[in-house]
Chemist: 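Attaching a single structure in C-alpha cells format; questions to follow.
Just so we're on the same page: letters track the sequence lines, and every chain starts at 1.
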2 protein chains.
Amino acid sequence: MAQQESHQRRPSIHDVASHAGVSAATVSKVLSGVTTVKPENAQRVLDAVELLGYRVDPLASDMRRAKRRIIGAIMPEFESEFFGQMVSELEGLAEQRGYTLVAASSRESEAREKEILARMHDWRVAGVVLAPVRNEHGPAAGFMKANGMTGVLIDRVLADDAFDTVSADSAAASAEVARALVGEGHRHILVVGLGQQAATVRARLEGFRNTALELAPDMRIDVVLCESDVEPLRTLLRDYFSKREAGNDRPTAVYSLFLKGTLVALSEFRRRGWHCPNDISLVGFDDAEWMQVTWPAIAAVVQPVREIASNAMEVLFRRIEGEGGPPTARLEPCKVLMRESVGSPGSVPHSGGGDRQ
Amino acid sequence: MAQQESHQRRPSIHDVASHAGVSAATVSKVLSGVTTVKPENAQRVLDAVELLGYRVDPLASDMRRAKRRIIGAIMPEFESEFFGQMVSELEGLAEQRGYTLVAASSRESEAREKEILARMHDWRVAGVVLAPVRNEHGPAAGFMKANGMTGVLIDRVLADDAFDTVSADSAAASAEVARALVGEGHRHILVVGLGQQAATVRARLEGFRNTALELAPDMRIDVVLCESDVEPLRTLLRDYFSKREAGNDRPTAVYSLFLKGTLVALSEFRRRGWHCPNDISLVGFDDAEWMQVTWPAIAAVVQPVREIASNAMEVLFRRIEGEGGPPTARLEPCKVLMRESVGSPGSVPHSGGGDRQ
DNA sequence: GTGAAAGCGCTAACAT
DNA sequence: ATGTTAGCGCTTTCAC
C-alpha cells in the first residue's frame, strides 16, 4: 500500500477522480458500492484509491447525508470496571455497524450530563446511549425528549415513557441474595447504598426486603442510604455501627447496593477489626476483578454488561432506522456469586483472623 | 430559553440571519466574538439565537476551518482505574479548550491500535494522545509519523525521536520500592510482570534491580515476565512457586510491575494459603481503590494520573498550535504507598491469619 | 453508465 | 460595519 508523503494535504475525492480519469461522483459511487459503474472504470478508481492512499472523510461524508454515523455514550464515570467495560462494549458494537462512538462522562453531575447531551445534539449524533446519573427523570432525559433525539437509557433506570431502557434485573438478583442470606441463617441484615433516587437502587432494596421478609417474617432489616456522595455514607455507617454495637444488636450481614457502598463497608469493617465472614457477612451489588483474589473473596452480584450493551445498541439502531412502537423496557438477569465473605452468623463468633472458611 | 418543537429541523445559521435581518456572515462574526459588529445588530443576532435555540454545528464549522477541534485518545483498555481516570481527565482538559475528545480502546491489540489511528486520521483530528499497547516502536506510532499526525505518547513509553512523551517515573518509583523492601530485610525477591516489551516495564525492572543490588549485593532477584497475556503469567507463576517451594528457597517478597500481575500474584497466594505479610510481602505498581480496604491493605505505587494527563494535553496543544523544537520526554514522579502487605521476612513465619500488622 | 450541478452548515476573503 | 462569494469534502439528484 502506497504511503503518502508526510505533512502533505490528504488526497480528496477529486484527486482520486482525476487520477482515474472519471468524475468525483463516479468515485463516490464506486466507494459506496453502487453496481452501475462500468467494471473497468471501477477498477481504475480502486487503483487510484490504492495509489493515493485515499480514505473517505467520514465527517464530510456525514455532512451531506441525512444522519451522521456517530453514536454518543454518556456514562456517570469511567473509573469503575462496570462503566469501563460498558464503554468498551458499546464502542465495539458501534464500530461493527460503521458508526463511531463518542463517549463522555457526566462525573455524577446532572448539570454536566445535560451539557454533554446538548453538545452531542450539536454534533447531530444519530443516537445516544445514556446511563443517567440519577434516573430517567433528570434534565438530560428531558432534553432528549424536548429535542426529539433518539436514545436508550441504561443502568439506573427501569422503564420510561419516552425511551427504551435496558438494565440489570436488580430486583431478581436482590431476591436471590436474600434467599442466600436467609438460608445461611441471617435474621438481622443491614442494607447500605447510595443514590436512593435511582429506580434500580430502590428495586434492589425492595427486591431484597420483600423476599427476605417473606422467607423470614421475623427478619430485621436496617437501611442506611444516602444520596450520591460517598463521604456522608462513610459517616452514616460509622454512626450506625457504633449505635448497634452499644445496643449489642448489630447485624450479622451487610448487603451493599452499590460498588462504592461495598468499599465503604469493607473500610468500616477494617476500622473495627471485623473479618468476613466470621464477624459479619458481606454481599455487594456489582462485581470486580479484585473481589476474587482477596481473602476472603467478596460475594457479589455480577451485572451482565455485554448483554446490556448489546441489547441497548440493538434497540437503539432499530430506532435509528425508524422503527416505531412504544418504548420497551428490558431487564437482563444477573449472576449472584456467593463467595467466602458470606457465612452463617455466629458460626465462629468473633475470631481474629480472616481464615479460610 | 425557548425550546423548539420536537422532531423539527434544527435552525441553521441562515434561519438566525433572516430572523435578525442580517447576513449569515454577520451572525458568524457575532458568535465568534468579532467586535466590529454594530452593537444593535449584535443584539438582534443574540436575540434570534435565543429565540430559535440556535447552536453552531461544530462539524460544519470545523469543515470550513483549517483544523478540526477534535482530539483523539487511544488507551489499551477502559476497564482499569488508571486508564479510566486518564480518559476522564483528558476529556475534561480537551473540553476546557473547546475540543471534543474521541476515545477508543485498542484492547491490547497493536493491529486494532493502528486501525483506530487510521480512523482518527480520517476524522482529521487535531491531535492524538496515544497510550500504546507495547511501546513507541509499534505500528501505530509509525503510522502517526508516516502521516505527519501530531500527537503525544503516554504511559508505556519513555522517550521517542518523533513525538513528545509523558509517563510515570517508573525507575525512580521502583528504586523506592527496592529501598523499602531491602530496608525491611528482604534478600530474595520475585519480580513479576507483563509486557517486557514496554520500555516502562523494563525501566521498572532495572530501577528496582539496580537499587536493590546496590543496597544489598547479596540480594537474589528472580524474574517472571511474560508478554501481554495474563493466563500464561498465571501458569508461569504457579510453576515458579512450586519449584521454589520444592527447593525450599522461596522469595520473601513479590514486586509486581503491573496491576494485572498484582492480581495474579494475590490469586496464587490464595491458592497456596499464603497471607501477606506473614508468609510473603507484596508491592504492586499501580494503585486501586480496593487496595486500601482489603485485609491486608496492598502496598502500591501510585501513578500521577492527573499530572500525566495535564502535561500530555499541554504539550499536545503546543504542537497543535505549531510550536516546533525537538520532542520532549517528561517523567512524572509517583508516590509509593507502603501498606500492610509489606513486612519483614520471617517476623511471624508461616502463621495462619492475615492479622493486622 | 456517467458527470455537472447543487448543496450539507458553516466561515474567511474580499468587496462594498 | 456588512454582505457577497467561494469554498471545506463529500453525496445525490438529474440530465445526458
Side-chain angles (χ1 to χ4, degrees), chain A residues 4 8-46 48-49 52-70 98 100 119 121-126, chain B residues 4 8-46 48-49 52-70 98 100 119 121-126:
Chain A
Q4 55 182 322
Q8 197 182 282
R9 203 187 104 273
R10 281 194 71 154
S12 83
I13 198 168
H14 291 107
D15 300 322
V16 177
S18 53
H19 262 80
V22 294
S23 77
T26 304
V27 176
S28 176
K29 278 168 192 149
V30 172
L31 264 32
S32 62
V34 173
T35 52
T36 63
V37 179
K38 205 202 292 183
E40 190 199 303
N41 278 345
Q43 193 51 54
R44 303 184 54 181
V45 167
L46 263 19
V49 164
L52 300 173
Y54 171 76
R55 300 187 121 224
V56 176
D57 179 338
L59 265 43
S61 167
D62 277 358
M63 190 101 241
R64 191 53 172 74
R65 292 165 101 94
K67 269 266 162 70
R68 293 189 180 162
R69 285 158 304 180
I70 303 172
T100 298
R119 264 209 335 252
H121 190 214
D122 295 345
W123 275 59
R124 271 80 165 163
V125 295
Chain B
Q4 56 182 318
Q8 197 181 282
R9 203 187 105 274
R10 279 194 72 153
S12 83
I13 197 168
H14 290 106
D15 300 323
V16 177
S18 54
H19 263 80
V22 294
S23 77
T26 303
V27 175
S28 176
K29 278 170 192 148
V30 172
L31 263 34
S32 63
V34 173
T35 51
T36 62
V37 178
K38 206 203 290 181
E40 189 199 302
N41 278 345
Q43 193 50 55
R44 304 184 53 181
V45 167
L46 263 18
V49 164
L52 300 173
Y54 171 75
R55 301 187 120 225
V56 177
D57 179 338
L59 263 45
S61 167
D62 277 359
M63 191 101 240
R64 190 50 175 75
R65 294 164 99 96
K67 271 264 161 73
R68 293 187 182 166
R69 285 158 303 181
I70 304 172
T100 298
R119 265 211 330 255
H121 190 215
D122 295 344
W123 274 56
R124 270 80 164 164
V125 295

Chemist: Got a sec, which residues hit salt bridge (charged side-chain N to carboxylate O under 4.0 Å, His left out) with A:R68, two or more places apart in sequence or on another chain?
Modeler: B:D57

Chemist: Output every pair passing side chain to side chain donor-acceptor pair (under 3.5 Å) with a member in residues 31-42 of chain A, not counting sequence neighbours, ordered by first then second residue.
Modeler: none

Chemist: What integer distance in Å separates A:R10:CZ from D:dC8:P?
Modeler: 16 Å

Chemist: For nucleotides 10-13 of chain D, give me every protein contact, N/O to N/O, under 3.5 Å, one pair per line with atom names.
Modeler:
{"residue": "D:dC10", "atom": "OP1", "partner": "A:Y54", "partner atom": "OH", "Å": "2.5"}
{"residue": "D:dC10", "atom": "OP1", "partner": "A:D57", "partner atom": "N", "Å": "3.2"}
{"residue": "D:dC10", "atom": "OP2", "partner": "A:I13", "partner atom": "N", "Å": "2.4"}
{"residue": "D:dT11", "atom": "OP1", "partner": "A:S61", "partner atom": "OG", "Å": "3.4"}
{"residue": "D:dT11", "atom": "OP2", "partner": "A:S28", "partner atom": "OG", "Å": "3.0"}
{"residue": "D:dT11", "atom": "O2", "partner": "A:R64", "partner atom": "NE", "Å": "3.3"}
{"residue": "D:dT11", "atom": "O2", "partner": "A:R64", "partner atom": "NH2", "Å": "3.4"}

Chemist: Check every nucleotide of DNA chain C for an atom under 4.0 Å from a heavy-atom of chain B, then give the first and the last such nucleotide from 5' to 3'.
Modeler: C:dG9 to C:dA12

Chemist: Nearest 0.5 Å, what's the CZ-NZ distance between B:R124 and B:K67?
Modeler: 12.0 Å

Chemist: Rounded to the nearest 0.5 Å, what's the gap from CG on A:D122 to CG on B:L59? Could you check?
Modeler: 10.0 Å

Chemist: Between A:R10 and B:H121, is there a donor-acceptor pair closer than 3.5 Å when you use the side chain of the first and the backbone of the second?
Modeler: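 Yes, A:R10 side chain to B:H121 backbone: donor-acceptor pair under 3.5 Å.
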
Chemist: Assuming nearest nucleotide by heavy-atom distance, tell me which of B:R68 and B:T35 is located more 5' along DNA chain D.
Modeler: B:T35

Chemist: Under the side chain to side chain contact (heavy atoms under 4.5 Å, CB included) test, which residues partner B:R64, sequence neighbours left out?
Modeler: none

Chemist: Could you give the CE-to-C1' distance, from B:M63 to D:dG7, as a whole number of Å?
Modeler: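 These atoms are roughly 11 Å apart.
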
Chemist: Taking B:R44 for the side chain and B:A42 for the main chain, is one N or O donor matched with an acceptor at less than 3.5 Å?
Modeler: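 No: the side chain of B:R44 does not pair with the backbone of B:A42.
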
Chemist: Side chain to side chain donor-acceptor pair (under 3.5 Å): which pairs involve residues 18-29 of chain A, sequence neighbours left out?
Modeler: A:S23-A:T26

